[in-house]
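Keep in mind that this is a model prediction, so the values were computed, not measured.
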Amino acid sequence: MFRFTYGVTTKASPARAWEIFSDWRRWNQFANVYGQLRWSEGHPWQPGSRMEIEVLRPVNVVLDHVITTCTPGRKVGWIDHGLGVAMAQWVHFDDLGGKGTKVRTWGDIVHSGVTVAGRSVEQLVASFTETWYENFRAACDSLVDVGYAEAGD
């Protein structure tokens with residue numbers, strides 16, 4: 001098993017950060033690897049709901065993404081399956097008292113020594129996570145910088 005962790009701090013409130021995070025139609029802005037993304041069962045972000053996530057790079061694969069827990073603006077967790085790999089991941093949105101949000105993610109990967117396009121799953125997940133969350137932070141900050149009112153204000 002491999003554990004990964006990553007975190008970013010954004011100027012956005014937890015509500016605004018969640019609004020941006022939970023809009024899967026934006027995800028290609030954060031990592032340009034997605035094909036089709038669709039909720040295949042249940043209501044978006046509800047525990048037990050399922051999303052099919054088509055990843056185009058470095059290989060074409062459809063991940064089964066099952067929400068295990070969700071409190072919008074506070075935390076979300078899921079389990080992904082694909083390519084013989086299972087991953088449990090959590091994201092927390094920590095309020096910094098009117099000074100933004102610390103977004104923390106961590107997860108555990110269970111696999112059978114899988115390599116994809118010559119790289120280990122651990123390397124791919126670490127690189128992807130950094131890219132995705134840094135671009136997510138930038139998107140959150142840019143909305144605050146251009147003066148969009150914070151959600152809930």
Side-chain angles (χ1 to χ4, degrees), residues 1-96 100-141 143 151:
M1 183 159 31
F2 173 76
R3 169 148 298 186
F4 65 94
T5 62
Y6 200 78
V8 295
T9 300
T10 174
K11 299 173 192 174
S13 68
R16 175 69 72 199
W18 171 256
E19 177 186 330
I20 295 165
F21 179 94
S22 65
D23 183 357
W24 65 94
R25 293 170 292 271
R26 294 178 182 253
W27 288 2
N28 257 329
Q29 296 172 2
F30 311 144
N32 189 16
V33 299
Y34 298 107
Q36 184 179 13
L37 297 110
R38 72 176 192 88
W39 291 97
S40 58
E41 289 182 32
H43 297 286
W45 304 109
Q46 295 298 306
S49 63
R50 295 178 105 84
M51 176 186 259
E52 292 178 354
I53 301 173
E54 181 184 26
V55 176
L56 302 175
R57 288 178 285 288
V59 296
N60 192 307
V61 63
V62 175
L63 302 175
D64 182 32
H65 187 80
V66 181
I67 303 301
T68 57
T69 186
C70 185
T71 305
R74 293 196 48 224
K75 64 183 178 179
V76 63
W78 61 83
I79 298 173
D80 287 334
H81 293 95
L83 295 174
V85 175
M87 179 176 76
Q89 186 171 350
W90 299 267
V91 180
H92 279 210
F93 300 80
D94 301 327
D95 190 341
L96 299 177
T101 305
K102 176 76 173 178
V103 180
R104 300 178 294 122
T105 189
W106 66 96
D108 295 317
I109 302 169
V110 179
H111 66 91
S112 57
V114 174
T115 59
V116 178
R119 295 178 70 193
S120 72
V121 168
E122 294 89 345
Q123 291 170 323
L124 288 171
V125 167
S127 174
F128 171 83
T129 301
E130 178 179 3
T131 298
W132 200 99
Y133 283 89
E134 290 299 332
N135 289 330
F136 164 72
R137 178 200 51 75
C140 290
D141 288 352
L143 288 178

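Annotation: side-chain hydrogen bond (donor to acceptor under 3.5 Å, both in side chains) contacts of Arg119 (sequence neighbours excluded): none. Under the rule for a side-chain hydrogen bond (donor to acceptor under 3.5 Å, both in side chains), the partners of Thr10 that lie at least two apart in sequence or sit in another chain are Asp141.
Two residues are said to be in side-chain contact when any heavy atoms from C-beta on lie closer than 4.5 Å; Val121 and Phe2 fail this criterion. You'll find the side chain of Val103 stays beyond 4.5 Å of the side chain of Arg137, heavy atoms only. Side-chain contact between Trp39 and Gln46 is absent, with no heavy atoms from C-beta onward closer than 4.5 Å. Side-chain contact between His43 and Ser49 is absent, with no heavy atoms from C-beta onward closer than 4.5 Å. In this structure, Phe4 and Glu122 have side chains that are not in contact, with every pair of non-hydrogen atoms separated by 4.5 Å or more. For the pair Lys102/Leu96, a side-chain contact is recorded, criterion being any heavy-atom separation below 4.5 Å from C-beta on. Taking the side chain as every heavy atom from C-beta outward, Glu41 and Val66 never approach each other to under 4.5 Å.
A ring-ring contact (aromatic ring centres under 6.0 Å, His included) check over residues 47-79, counting only residues at least two apart or in different chains, returns the pairs His65-Trp78. Within the structure, the salt bridge (charged side-chain N to carboxylate O under 4.0 Å, His left out) test picks out the following pairs touching residues 22-40 (sequence neighbours left out): Asp23-Arg25, Asp23-Arg26, Arg38-Glu52. Sorted by first and then second residue, the salt bridge (charged side-chain N to carboxylate O under 4.0 Å, His left out) pairs with a member in residues 68-95 read Asp94-Arg104; sequence neighbours excluded.
Val55 and Arg57 make their closest contact through CG1-O, 3.2 Å (heavy atoms, listed as atom of the first residue, atom of the second, distance). Across every non-hydrogen atom of Pro58 and Leu124, the tightest pair is CG-CD2, 4.0 Å. Pro47 and Thr68 make their closest contact through CB-O, 3.8 Å (heavy atoms, listed as atom of the first residue, atom of the second, distance). Nearest heavy atom pair, residue Trp45 against residue Ser22, reads NE1-O, 3.0 Å. In plain terms, the two heavy atoms of Pro14 and Gly73 that are nearest each other are CB-O, 3.5 Å. Minimum interatomic distance between Cys70 and Trp18 (heavy atoms only, all atoms of both residues): SG-CH2, 3.6 Å.
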When the side chains of residues 125-133 are checked against the rest of the protein, which donor-acceptor pairs come out under 3.5 Å, sequence neighbours left out?
unit_1: Thr129; atom_1: OG1; unit_2: Val125; atom_2: O; d: 2.7
unit_1: Thr131; atom_1: OG1; unit_2: Ser127; atom_2: O; d: 3.1
unit_1: Trp132; atom_1: NE1; unit_2: Tyr34; atom_2: OH; d: 3.2

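Put simply, the side chain of Thr101 gets close to the backbone of Ala12: a donor and an acceptor are under 3.5 Å apart.
Once rounded to the nearest 0.5 Å, the distance linking CG of Leu83 with CG of Leu63 reads 7.0 Å. In this structure, CZ on Arg50 lies 10.5 Å from CD1 on Ile67, to the nearest 0.5 angstrom. Taking CG of Asn32 as the reference point, atom CG of Asn135 lies at 10.0 Å (rounded to 0.5 Å).
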